[in-house]
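A quick write-up on the structure given underneath.
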Amino acid sequence: MLAADHVGPTLPIHLVTPETLAHRLEAMGDAVAAFARASGYRAEAGAFLVVPAAGGGLAGALFGLGGEKDAARTPFLPGKAASLLPAGDWRFDGPLADETLATLAFALESWRFRRYKKAPERGVRLVVGSSVDLAAVTRAAEAVFLARELVETPANDLGPAELVAAVRAVFEAAGGSVAETVGDDLLAANFPLVHAVGKGSDRPPRLVDASWGDPAHPKVTLVGKGVVFDTGGLDIKPDSAMLLMKKDMGGAANALALARMIVEAGLPVRLRLIVPAVENAVSGRAFRPGDVVPSRRGTTVEIGNTDAEGRLVLADALAAADEEAPELLIDLATLTGAARVALGPDLPPFYTADEALAGEIAVASARVFDPLWRMPLWPAYRSMLDSRVADMNNVASGGFAGSILAALFLEKFVEKAASWVHVDIFAWTPKASPGRPEGAEAQAIRALFEVIAARWPRP
């Protein structure tokens, strides 16, 4: 997939634009130029052509970048070549807006989920020069792969226990500690909302609390929504809405992937990861619409809809995380369809009251091409979560501002953290683009890692 530049001979991937194509073909020789013209090649964004050598074999490949204003042109565009090239060792040859992002995109484009459908490795490798931090690119790529693998795995093979095992594997390998609370012990440990959501399943609910790093370092805490499958509960989803619900633990998968990046980079933070791992199932034990359930914080919650379960398990987890007043508290969750209605699948909204943090996230998002968009914690909407019989409802009547209301619900459970940010991710790519094959996806973690690494750089 990726290799340092000492591996031996490589073939060039000639990066061309409509303006540079003729000059590049001239430099490659008459035979190559004639072949490209006969093939009708144009240097449009993503246009690809393997070029034979005059004496046999390959002279390289042409890859179009498009024009400066081409809507399809992104920093990830050259990575698309990973799906098009024949086997061999290749290198980029030509102007790159960002060689690091192009290299990362090449790695991300190469990934495929092979657990159930075996396919041979294609044998395509990109050789990179010293200008690219290969270790950092590999670290980011492998974190994305971890998130994708977990999200793609169906619920029959990834239940609450298996999700907890994935957390345990990362933290124990790094010398961290892991604590787990299971089933009815959640009530004794004061996680009543996590218990309520997960008790309807034959697979008992769990909460995993993992930590790594020097306790004297700044506290960075991650919380990930770990609903391994969401039927909607007694407010059951239609079949079409249930098809992708194996990805409802995408927040936990992404939080774990971000944790792995932090650990492998050796950032000087005291890292904590909390994942409530549950299945929202239908049974005689399932929680019901109209139930009133206490939370860890003591706030009582009326259940207006059992399909708004993610915010319930996050509420208890956030309350536990907040108790030690971390410097930075981040939660990641596949929380609302409303976020997708507002911003689509590729642009997750994030919510924070910390203006400085919001600016850092926006800058990092653009720099590493990990799209995020700030949405408001609009205080006037808080009353929409009022309940006649409890301190609050988990949903509001009507269909307005669904993602904002979910964020406002979570905000009620964060008081002591110096900074908090909630990210409402989709964790899925419905239509492939360069570096992002169709299917499971990691979102926000590269941007958030940049923010954390900038705040607390490795000495």
Side-chain angles (χ1 to χ4, degrees), residues 1 107-121 140-173 178 180 182 194 197-198 200-208 210 222-232 237 239-261 273-281 309-310 313-314 317 332-335 345 348 425-432 435-445:
M1 181 175 58
L108 299 182
E109 178 75 22
S110 301
W111 178 87
R112 294 294 183 272
F113 185 60
R114 292 184 169 92
R115 178 165 179 170
Y116 304 103
K117 186 176 182 179
K118 305 300 181 185
E121 296 289 344
E142 289 181 349
V144 171
F145 298 163
L146 171 62
R148 288 176 176 176
E149 289 283 342
L150 290 171
V151 172
E152 281 284 9
T153 303
N156 60 311
D157 282 331
L158 188 74
E162 290 78 13
L163 182 56
V164 169
V167 173
R168 188 178 294 278
V170 169
F171 276 80
E172 290 184 347
V178 181
E180 182 180 0
V182 183
V194 177
V197 172
S201 173
D202 291 339
R203 299 187 285 187
R206 299 165 184 263
L207 183 133
V208 60
L222 313 177
V223 174
K225 174 186 169 185
V227 179
V228 298
F229 194 84
D230 181 21
T231 65
K237 295 177 183 288
D239 56 355
S240 59
M242 223 183 287
L243 284 174
L244 279 182
M245 283 301 100
K246 70 176 184 179
K247 77 171 184 65
D248 213 23
M249 39 59 66
N254 277 270
L256 178 59
L258 175 56
R260 176 172 161 171
M261 290 179 73
L273 171 65
I274 302 177
V275 171
V278 302
E279 180 175 29
N280 188 20
E309 84 300 329
V313 299
L314 286 172
L332 295 159
T334 52
L335 207 58
I425 65 173
F426 191 46
W428 197 263
T429 298
K431 182 180 180 181
R436 297 183 172 102
E438 180 183 349
E441 190 53 278
Q443 293 181 309
I445 63 171

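The structure presented is a predicted model; accordingly, all values stated were derived computationally and were not measured.
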Crowded around Asp202 CG? As in, over 12 foreign heavy atoms under 6.0 Å? no
Is the shortest heavy-atom distance from the side chain of [X] to the side chain of [Y] under 4.5 Å?
X      : Y      : result
Leu207 : Val182 : no
Leu256 : Phe171 : yes
Lys247 : Phe426 : yes
Arg168 : Val208 : no

So, applying side-chain hydrogen bond (donor to acceptor under 3.5 Å, both in side chains) with Lys225, which one of Asp230, Asp248, Asn254 is it? Asp248
Distance, nearest 0.5 Å, that separates OG1 of Thr153 from CZ of Arg115: 5.0 Å
Rounded distance [0.5 Å steps], CG in Leu273 versus CZ in Arg260: 14.0 Å
If you apply the rule side chain to side chain contact (heavy atoms under 4.5 Å, CB included), what do you find for Glu149 with Phe113, and how did you get there? CA-CA 7 Å; Glu149 289 283 342; Phe113 185 60; 3.3 Å; yes
Looking at every heavy atom in both [X] and [Y], which two are closest together, and how far apart are they?
X      : Y      : value
Thr429 : Lys431 : CG2-O, 3.1 Å
Pro205 : Gly198 : CD-O, 3.6 Å
Gly226 : Ala252 : CA-CB, 3.8 Å

So, Thr231 versus Asn280: side-chain donor-acceptor pair below 3.5 Å or not? no
Chi angles and distances behind the side chain to side chain contact (heavy atoms under 4.5 Å, CB included) call for Met249, Leu158: CA-CA 10 Å; Met249 39 59 66; Leu158 188 74; 3.7 Å; yes
Run Arg206 and Val194 through side chain to side chain contact (heavy atoms under 4.5 Å, CB included) and show every step you take. CA-CA 8 Å; Arg206 299 165 184 263; Val194 177; over 6 Å; no
Enumerate, atom names and distances included, each donor-acceptor pair closer than 3.5 Å involving a side-chain atom of residues 159-166, sequence neighbours excluded.
from	atom 1	to	atom 2	distance (Å)
Glu162	OE1	Gly159	N	2.8

Only counting residues at least two apart or in another chain, list the ones meeting salt bridge (Lys or Arg N to Asp or Glu O under 4.0 Å) with Arg114. Glu121
Closer than 4.0 angstrom, basic N to acidic O: yes or no for Glu109 and Arg436? no
For Ala440, the side-chain contact (heavy atoms from CB on, under 4.5 Å) test, sequence neighbours excluded, returns Arg148, Val151, Glu152, Trp428
Working for side chain to side chain contact (heavy atoms under 4.5 Å, CB included), residues Leu222 and Ile274: CA-CA 6 Å; Leu222 313 177; Ile274 302 177; over 6 Å; no
